[in-house]
Amino acid sequence: MTIEILVPDLPESVADATVATWHKQPGDAVTRDEVIVDIETDKVVLEVPASEDGVLEAIVEGEGATVLGRQVIGRLKPGAVAGEPTADTTEENEASPDKRHKAVLTEETNDALSPAVRRLLGEHGLEASQVKGTGVGGRITREDVETHLANAKTAPAPAAESAPAPAVEAPATGRTQKRVPMTRLRKRVAERLLEAKNSTAMLTTFNEVNMKPIMELRKQYKDQFEERHGTRLGFMSFYVKAVTEALKRYPEVNASIDGDDIVYHNYFDISMAVSTPRGLVTPVLKDCDTLGFADIEKGIKELAIKGRDGKLTVDELIGGNFTITNGGVFGSLMSTPIINPPQAAILGMHKIQERPMAVDGKVEILPMMYLALSYDHRLIDGRESVGFLVTIKELLEDPARLLLDV
């Protein structure tokens with residue numbers, strides 16, 4: 001008796017998926033709820049756990065294969081013990097050592113490596129021949145590469161009195177290049193960015209904000225805030241509160257175009273652009289108008305950790321009426337962010353830089369930051385866009401307005 005391993009049900013907006021990584025190989029023991037394989041979509045990575053204790057009997061769809069929802073990708077033999085022959089291991093064992101060696105050479109020669117393994121090899125400048133494969137037919141798995149890297153770091157240095165190594169021909173010093181397959185998420189981001197450029201009348205307006213009042217407020221209350229709420233007081237909570245208030249005053253910025261209609265939203269779900277190892281994602285912080293500063297800081301931190309670890313769910317990535325992107329964390333001084341369709345606008349925050357500014361006829365050194373609002377001119381006119389950005393500027397330069405609603 002065997003149990004089929006199926007691709008989970010895919011969301012309506014996801015047509016297909018890719019088998020990213022098999023964490024087990026045929027013949028390996030698995031326990032109930034242990035993750036066997038990762039399925040990558042253009043939004044999230046889905047983990048497929050084992051439904052029973054047993055042994056992975058066979059892999060039907062290897063790494064890199066395109067699959068559909070509820071498709072069979074492997075078979076699990078419940079109650080079996082590791083080491084018992086399976087359909088795949090029996091065929092492998094029957095092959096002679098020469099045949100298995102030829103199979104490995106043929107596989108490497110044809111570059112029959114999974115996208116995840118190729119990516120890992122390329123990142124660390126390794127050749128497939130340097131890594132010992134433990135998979136079926138000597139196939140190199142992700143765990144093999146990670147083990148090789150760990151052993152290389154802990155390997156002792158050769159003794160000084162040891163015999164000199166034979167001369168090795170120096171590698172060519174000419175220009176080189178490497179080819180790494182694009183992840184599904186990266187492909188989808190590229191498509192969305194191109195769609196935004198081609199399907200919207202995008203325009204960007206700029207302003208600058210004096211961050212000194214907020215910085216002094218944080219300095220004064222950060223310790224009490226962290227002690228009371230268990231989270232640090234950052235800048236993003238001020239940005240989110242200011243954006244939420246500005247969206248209330250300018251409903252066109254909180255709207256979207258659907259065909260020939262304009263859809264006005266009476267809720268305030270704000271997307272946060274987050275850079276992850278897999279690419280850029282925009283998880284959504286929902287109902288921001290009902291959240292306090294501490295709730296916003298905790299929500300942003302939770303989404304950032306999930307994004308870093310690849311644990312974001314589809315529900316956390318869909319929706320959103322407006323996007324905030326903070327390039328300042330990477331040192332960006334100014335940029336023109338691209339709209340996240342079907343949203344009508346996106347706000348870019350940047351690096352806080354001390355600059356000489358004229359204040360009441362005198363020159364002062366102040367921590368200044370540029371704001372950039374990219375918007376769809378089909379829906380938002382200049383008056384609304386500039387007024388929206390000026391409102392954010394005023395709220396940030398006088399944070400007491402956020403509490404007094406003025």
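Because the structure is predicted, anything quoted here is derived from the model rather than measured.
Cation-pi contact between R249 and F388: absent, since separation from the ring centre below 6.0 Å together with deviation from the ring axis within 45° is not met.
In the displayed structure, E4 atom CD is contacted under 6.0 Å by at most 12 heavy atoms of other residues, nucleotides or ligands. Crowding of R378 atom CZ: a count of heavy atoms from other residues, nucleotides or ligands under 6.0 Å exceeding 12. In this structure, Y221 places its OH atom where only 12 or fewer heavy-atom neighbours from other residues, nucleotides or ligands lie under 6.0 Å away.
Atoms CE and CG, from M211 and L217 in turn, are 11.0 Å apart once rounded to the nearest 0.5 Å. From S335, atom OG reaches atom CZ of F330 across 11.5 Å, with rounding to the nearest 0.5 Å. Separation of atoms CZ (F225) and CG (L233) is listed at 5.0 Å; rounding is to 0.5 Å. Between the CD atom in E47 and the NZ atom in K311 there is a gap of 3.5 Å [rounded to 0.5 Å]. Here the OG1 atom belonging to T231 is positioned 9.5 Å from the NE2 atom belonging to H229, to the nearest 0.5 angstrom. Between atom NZ of residue K248 and atom CG of residue N266 there is a gap of 12.0 Å, rounded to the nearest 0.5 Å.
Inspection of the S271 and Q343 side chains reveals an N or O donor paired with an N or O acceptor under 3.5 Å. Side-chain contact, S385 with T205: no donor N or O sits under 3.5 Å from an acceptor N or O. No hydrogens or angles considered: a donor-acceptor pair under 3.5 Å links the side chains of S237 and E297.
With a 4.5 Å cut-off on side-chain heavy atoms, I39 and V45 do not count as touching. Between V48 and V35 there is no side-chain heavy-atom pair separated by less than 4.5 Å. Residues M349 and L371 meet the side-chain proximity criterion, which asks for heavy atoms closer than 4.5 Å. Side-chain atoms of I3 and S51, non-hydrogen and from C-beta on, do get closer than 4.5 Å to each other. Between Q353 and M368 the shortest side-chain heavy-atom distance does not fall below 4.5 Å. Side-chain contact between K301 and R232 is absent, with no heavy-atom pair separated by less than 4.5 Å. A heavy-atom distance below 4.5 Å is not found between the side chains of K298 and I296. In this structure the side chain of L366 never reaches within 4.5 angstrom of the side chain of E354, judged on heavy atoms.
Side-chain atoms of K362 never come within 3.5 Å of backbone atoms of M357 as a donor-acceptor pair (strictly under, hydrogens ignored). Proximity of a side-chain donor or acceptor of D53 to a complementary backbone N or O of G79 within less than 3.5 Å is not detected. Remark: side-chain polar atoms of D269 are paired, donor with acceptor, to backbone N or O of D287 under 3.5 angstrom. With hydrogens and angles ignored, the 3.5 Å screen pairs a side-chain donor or acceptor of D376 with a backbone N or O of A201. The main-chain N or O of Q25 is found under 3.5 Å from a side-chain atom of D28 such that the two form a donor-acceptor pair. Without hydrogens or angle criteria, E63 side chain to W22 main chain gives a donor-acceptor distance under 3.5 Å. In this structure a side-chain-to-backbone donor-acceptor pair under 3.5 Å is missing from N326 to G348. Of the possible polar contacts, one joining the N254 side chain to the Y267 backbone as a donor-acceptor pair under 3.5 Å is found. No donor-acceptor pair closer than 3.5 Å links the side chain of K24 to the backbone N or O of V30. In this structure, E245 contributes its side chain and A242 its backbone to no donor-acceptor pair below 3.5 Å.
Looking at every heavy atom in both residues, S332 comes nearest to H350 through O-CB, 3.3 Å. Nearest heavy atoms, L312 versus V44: O-CG1, 3.0 Å. Residues P213 and N210 approach most closely at CD-O, 3.4 Å, considering heavy atoms. Across A273 and T282, no two heavy atoms sit closer than the pair CA-CG2, 4.0 Å. When every heavy atom of T204 is checked against every heavy atom of S374, the shortest pair comes out as OG1-OG, 2.7 Å. Shown here for L76 and G54, the closest heavy-atom pair between the two residues is CD1-C, 4.3 Å.
Look at R70 and D9 and you find a salt bridge, because one of the NZ, NE, NH1 or NH2 atoms lies within 4.0 Å of a carboxylate O, short of that distance. With salt bridges taken as basic N to acidic carboxylate O contacts below 4.0 Å, none links E57 and K77. Salt bridge annotation for E216-K219: absent, with no cationic side-chain nitrogen under 4.0 angstrom from a carboxylate oxygen.
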Determine, step by step, whether E316 and K306 satisfy the side chain to side chain contact (heavy atoms under 4.5 Å, CB included) criterion, reporting the C-alpha distance in whole Å, the side-chain angles of both residues, the deciding distance to 0.1 Å, and the verdict. CA-CA 10 Å; E316 291 170 329; K306 285 186 176 182; 2.7 Å; yes
From CA spacing to verdict: side chain to side chain contact (heavy atoms under 4.5 Å, CB included), L389, L347: CA-CA 9 Å; L389 199 56; L347 179 68; 3.7 Å; yes
Practice task
Run the numbers on I59 and I73 for side chain to side chain contact (heavy atoms under 4.5 Å, CB included), then give the verdict.
Solution key: CA-CA 6 Å; I59 293 176; I73 56 175; over 6 Å; no
Side chain to side chain contact (heavy atoms under 4.5 Å, CB included) assessment of I270 paired with I324: CA-CA 7 Å; I270 298 180; I324 298 177; 4.0 Å; yes
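The aromatic rings of F235 and Y239 lie parallel to each other, with less than 30° between the two planes, well short of the 60° mark. In this structure, F238 and F293 have perpendicular ring planes: the angle between them is above 60°, well past the 30° mark.
Among pairs with a residue in residues 44-74, none fulfils ring pair (Phe, Tyr, Trp, His ring centres under 6.0 Å), at least two apart in sequence or across chains.
Of the candidates I392, V209, I214, E397 forms a side chain to side chain contact (heavy atoms under 4.5 Å, CB included) with just one, namely V209.
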